[in-house]
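Report on the structure given below.
Chain A is the first sequence line, chain B the second, and so forth, proteins listed ahead of strands; every chain is numbered from 1.
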Amino acid sequence: ETGVTQSPTHLIKTRGQQVTLRCSSQSGHNTVSWYQQALGQGPQFIFQYYREEENGRGNFPPRFSGLQFPNYSSELNVNALELDDSALYLCASSPGRTDTQYFGPGTRLTVL
Amino acid sequence: AQRVTQPEKLLSVFKGAPVELKCNYSYSGSPELFWYVQYSRQRLQLLLRHISRESIKGFTADLNKGETSFHLKKPFAQEEDSAMYYCALLNTGNQFYFGTGTSLTVIP
């Protein structure tokens, strides 16, 4: 059984660009949540997908969008990147919406 | 608005001493509370959640609705407990809120 994987590991973009981050959920998990973790802060909830539908959203602007595929893998898209978007982006999968979350290693995004 | 507060960014205790990591929350509904832990060079992982009422690695946490707290406790700290600990809340709208974390160092 493989755990949650995320790609890429690191990414450097410039302000105004768009980025797509990817997450493969653990086998048997139908729920994926995305978090942004700035340096020295706790994870901030972006949104959750359950069976391909958005199931909850945190306080992030619409330029943060997502997608979940039939195999329950997921993408996080961020448009019009800003310097403050520089952070570690974490993905977590779970067997159900409120079950234990299993986190991936994260993608480190740097916006210049 | 929901909020999770962990007042201590850093906490050091000696091996064998009791440890308590504080967590306070603000939420008007019925929250579900969690403690997550991140050991050095490892992924964030669930330590315990209040509904399961389990003791994991000797840690316990009791939800006190009157004081809106969910402090994490262990009677005898071990060196392997050194890690970053996050308290988290799940509201009825399926939104998660994490605290800023407490870095625990257990001194041998």
Side-chain angles (χ1 to χ4, degrees), chain A residues 1-7 9 23-26 29-60 64 66 68 76 87-108, chain B residues 1-10 21-27 29-54 56-57 61 70 72 83-104:
Chain A
E1 181 182 281
T2 54
V4 179
T5 60
Q6 293 186 243
S7 62
T9 308
C23 171
S24 289
S25 57
Q26 192 163 313
H29 290 188
N30 57 26
T31 304
V32 171
S33 301
W34 284 93
Y35 295 86
Q36 180 195 69
Q37 187 173 22
L39 207 57
Q41 300 296 315
Q44 283 200 67
F45 177 66
I46 303 175
F47 42 56
Q48 181 186 78
Y49 278 84
Y50 170 68
R51 294 182 181 268
E52 303 179 61
E53 298 282 334
E54 188 178 287
N55 183 57
R57 189 179 180 94
N59 190 27
F60 279 80
F64 285 79
Q68 187 178 31
L76 164 66
L88 181 68
Y89 287 84
L90 295 168
C91 161
S93 75
S94 53
R97 286 171 289 184
T98 59
D99 291 327
T100 298
Q101 296 183 85
Y102 294 83
F103 281 82
T107 293
R108 174 73 62 188
Chain B
Q2 290 97 125
R3 180 190 292 263
V4 175
T5 303
Q6 294 180 250
E8 305 135 329
K9 286 194 86 67
L10 302 170
L21 290 86
K22 291 184 166 50
C23 172
N24 289 90
Y25 67 91
S26 61
Y27 179 52
S30 293
E32 187 167 350
L33 277 299
F34 306 80
W35 276 98
Y36 281 84
V37 61
Q38 188 165 27
Y39 300 103
S40 179
R41 289 186 290 278
Q42 293 189 28
R43 303 180 183 194
L44 197 58
Q45 59 185 284
L46 179 69
L47 181 61
L48 55 82
R49 58 194 299 179
H50 89 271
I51 60 168
S52 64
R53 303 186 68 81
E54 290 178 306
I56 308 293
K57 299 186 178 183
F70 189 57
L72 184 68
M84 193 73 177
Y85 291 81
Y86 294 96
C87 182
L89 175 153
L90 172 64
N91 68 13
T92 52
N94 292 320
Q95 296 168 313
F96 288 89
Y97 292 86
F98 278 72
T100 51
T102 297
S103 177
L104 173 66

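When all heavy atoms of B:Tyr86 and A:Gln37 are compared, the pair lying nearest together is OH-NE2, 2.9 Å. Here the closest non-hydrogen pair linking A:Gln48 and B:Asn94 is OE1-CB, 4.3 Å. Taking all atoms of both residues into account, the shortest heavy-atom contact from B:Phe98 to A:Pro43 is CB-O, 3.2 Å. Considering all non-hydrogen atoms of both residues, A:Gly40 and B:Lys9 come closest at O-NZ, 3.5 Å.
Looking only at heavy-atom pairs under 4.5 Å with chain B, the residue among A:Gly106, A:Gly42, A:Gly56 that has the most is A:Gly42. Of the listed residues (A:Ala92, A:Pro105, A:Ser33, A:Gly58), the one with the most heavy-atom contacts under 4.5 Å to chain B is A:Pro105.
Separation of atoms CZ (B:Phe96) and CD (A:Gln44) is listed at 15.0 Å; rounding is to 0.5 Å. The CG atom of B:Leu46 lies 8.0 Å from the OH atom of A:Tyr102; values are rounded to the nearest 0.5 Å.
With contacts defined as side-chain heavy-atom distances shorter than 4.5 Å, the pair A:Gln101/B:Tyr36 qualifies.
The contact between B:Leu44 and chain A is made by backbone and side chain atoms together, counting heavy-atom distances below 4.5 Å. Looking at A:Gln41, the atoms closer than 4.5 Å to chain B (heavy atoms on both sides) sit in the backbone and in the side chain alike. With a 4.5 Å cut-off on non-hydrogen atoms, A:Tyr50 does not touch chain B at all.
Between the side chain of B:Gln95 and the main chain of A:Arg57, a donor-acceptor pair closer than 3.5 Å is present.
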